[in-house]
Amino acid sequence: MAARRPRRDDDGDEEGIGADGHPHRRGSRRIRQPAVAFTNIVRRAVAQETIQQIVHNLEPLIRRVVREEIHKIFSQNDHHMPPRSLSLRIQEAPVSSSLKLVFAKNLNLPIFTNNKIVDSEHNAIEVHLMDANTTCIIPPPDTHLGSSSVRLEVLVLDGDFCREDRDRWTADQFNTAIVKAREGKRPLLVGSVNVPMNNHGVAVIDDVSFTDNSSWIRCRRFRIGVRIMPESHFGARIQEAISESFTVKDHRGELYKKHYPPFLTDNIWRLEKIRKDGPIDKKLESEGIRTVQDFLKLNTIDPNKLRALVGMKDKQWSATLNHAKTCELGQKCYVFKTLECDITFNPIGEILAARIGDQTFPLEELHPQQLFHVKQLATQAYQLWDQLEEVTNESNSGRKPSDSQESMISSGAQHAKYLDYTGTATSSAVAAMSTNSSSTSDSAAAAPANDATMFWTPSIIPPDDDHFGWQNSSGCWDQVD
């Protein structure tokens with residue numbers, strides 16, 4: 001009987017007849033070649049990627065070693081480095097350098113478009129070449145930079161760059177943070193964006209400005225970065241300088257910016273927390289408070305009324321008042337003159353001195369009775385402020401508003417008639433004076449009048465005789481010719 005040829009089943013396995021006469025499988029010989037090929041391809045790709053990564057990591061080290069060896073060879077042979085025109089130019093590796101660029105001062109903020117950028121002292125921006133270890137300025141001739149070919153490039157950076165106040169970054173990180181102008185716009189920074197460094201290690205950026213605001217980038221803030229221009233330096237990397245982050249506003253907003261410090265003649269909305277044409281600005285204007293001088297003068301005369309007018313919370317009020325008090329008072333003074341007593345005020349209503357007879361006394365040198373009477377006259381002066389004589393006082397130049405001088409009248413006395421034409425003070429005015437006088441003044445005002453001690457009160461002689469005089473406690477007049 002002829003031998004039966006094994007047959008293949010549908011799976012490709014061979015099927016034969018065993019000794020017991022039953023068919024059996026001889027085992028699967030299937031080879032899944034596509035799966036094996038894919039696995040081999042993945043393995044080769046991973047190995048190749050690993051090798052490339054290793055080479056990429058070793059490249060800076062190799063370049064540094066080559067550069068150091070070249071320098072060593074030329075130094076041993078007492079030769080200079082070949083000129084830059086030769087093809088032997090080793091690219092800079094991102095290794096740590098002891099040299100860095102720094103801004104000498106912070107920038108003057110806020111910054112507006114089309115305005116020249118200056119430092120905090122309103123001078124041209126200076127960038128120094130410094131030794132990071134000693135923080136001393138290094139002249140270029142003392143380094144490998146040379147003396148005359150070093151130039152700096154001024155750039156705009158994203159405000160989020162180094163927001164953790166890091167003092168180290170790579171050149172790639174710096175380059176990635178550079179901000180370009182929006183499509184269809186002028187260059188973001190114009191002017192002296194390429195400046196030379198002098199032999200003392202100082203570069204001056206004297207004419208640079210923004211052409212666009214910073215509202216269109218994610219963080220809404222810019223920084224200014226300064227680096228060595230690549231074509232002027234091929235040595236070790238010098239760390240770039242970066243400024244603080246800041247907002248660039250459209251130049252139209254400059255019309256509404258606050259002044260630091262404010263001027264006495266500034267509109268009231270130049271102060272912190274007061275918006276132009278806002279409710280506080282309109283309310284103060286309706287009360288005749290239009291300038292910073294008006295604001296501070298009312299704070300001297302009647303601080304309670306001023307506080308009620310602005311209606312601010314404590315924190316906002318403190319910010320506004322402190323900002324107002326940073327202004328300089330200048331040299332102008334105002335004099336309220338009578339025949340025997342002249343009072344000198346600074347521009348915001350604080351009493352500087354009083355002339356009684358032929359002697360002039362500072363406020364702190366007056367006797368209690370004199371102090372009380374001078375304050376009574378001061379209330380008249382405030383009502384006639386526009387009629388006071390304006391003089392120049394050199395000793396008052398640059399003086400700041402006082403934080404210690406007390407208010408001259410209380411809030412309740414604003415509508416009181418301080419002195420009537422009969423020469424006697426109304427009861428409401430006397431009460432107001434007593435409220436705001438010092439303890440010594442209070443005791444003087446309350447002192448009993450008797451024959452031994454006369455209590456003199458400055459008054460205006462009735463209208464038929466427009467002279468100044470002092471009225472004693474017994475009602476007698478001591479008229480001054």
Side-chain angles (χ1 to χ4, degrees), residues 297 300-301 329-399 401-402 404-409 418-425 429-430 433-434 436-481:
K297 188 168 62 177
T300 299
I301 300 172
L329 300 184
Q331 300 178 5
K332 289 184 180 180
C333 292
Y334 299 85
V335 179
F336 179 61
K337 288 190 174 183
T338 62
L339 292 179
E340 285 296 323
C341 184
D342 296 349
I343 304 176
T344 303
F345 300 90
N346 66 14
I348 62 171
E350 295 175 341
I351 299 176
L352 299 178
R355 184 183 65 82
I356 301 176
D358 295 330
Q359 290 184 293
T360 300
F361 302 93
L363 194 64
E364 60 272 12
E365 294 183 8
L366 293 175
H367 295 300
Q369 293 93 339
Q370 293 174 325
L371 181 63
F372 180 72
H373 302 327
V374 166
K375 288 184 177 181
Q376 281 186 306
L377 285 178
T379 60
Q380 288 183 324
Y382 296 140
Q383 302 300 313
L384 305 172
W385 186 267
D386 293 338
Q387 302 176 27
L388 300 187
E389 180 181 351
E390 184 177 305
V391 297
T392 300
N393 183 5
E394 297 292 339
S395 62
N396 193 47
S397 179
R399 187 172 169 271
S402 171
S404 59
Q405 186 170 12
E406 61 186 352
S407 301
M408 296 301 142
I409 58 179
Y418 298 109
L419 295 174
D420 58 25
Y421 283 105
T422 62
T424 59
V430 172
M433 289 298 121
S434 302
N436 288 278
S437 299
S438 62
S439 58
T440 56
S441 300
D442 292 339
S443 61
N450 51 46
D451 295 336
T453 303
M454 304 302 292
F455 179 51
W456 296 94
T457 304
S459 299
I460 301 293
I461 304 299
D464 58 337
D465 193 358
D466 191 13
H467 287 173
F468 177 85
W470 297 90
Q471 182 185 19
N472 62 27
S473 56
S474 63
C476 299
W477 287 97
D478 180 17
Q479 182 173 332
V480 180
D481 295 329

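We count residues from 1, following the sequence as given. All figures in this text were calculated on a predicted structure; none of them were measured in a lab.
Proximity of K297 to I301: side-chain heavy atoms (C-beta onward) are separated by under 4.5 Å at one or more points. Under the 4.5 Å side-chain criterion, counting only non-hydrogen atoms from C-beta, L352 is in contact with C333. Side-chain contact between D342 and I356 is absent, with no heavy atoms from C-beta onward closer than 4.5 Å.
Contact between K337 and V335 at its shortest, heavy atoms only, is CG-CG1, 3.5 Å. Of all the heavy atoms in P347 and Y334, the pair that sits closest is CA-CE1, 3.7 Å. Closest heavy-atom contact between R355 and T338: NH2-O, 4.2 Å. Among all heavy-atom pairs drawn from L377 and F336, the shortest one is O-CE2, 3.7 Å.
The distance from the OH atom of Y382 to the OG1 atom of T300 is 6.5 Å, given to the nearest 0.5 Å. Atom CG of N346 and atom CG of L329 lie 5.5 Å apart (nearest 0.5 Å).
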Inset, instruction - Start with the C-alpha gap between I351 and T344, add the side-chain angles, then the distance that decides, and say whether side-chain contact (heavy atoms from CB on, under 4.5 Å) holds. - result: CA-CA 6 Å; I351 299 176; T344 303; over 6 Å; no
Legend entry - Evaluation steps, side-chain contact (heavy atoms from CB on, under 4.5 Å), between L363 and L371: CA-CA 7 Å; L363 194 64; L371 181 63; 3.4 Å; yes
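Looking only at distances, no side-chain donor or acceptor of T360 sits under 3.5 Å from a matching main-chain atom of A354. Side-chain atoms of Q370 come within 3.5 Å of backbone atoms of H367 as a donor-acceptor pair (strictly under, hydrogens ignored).
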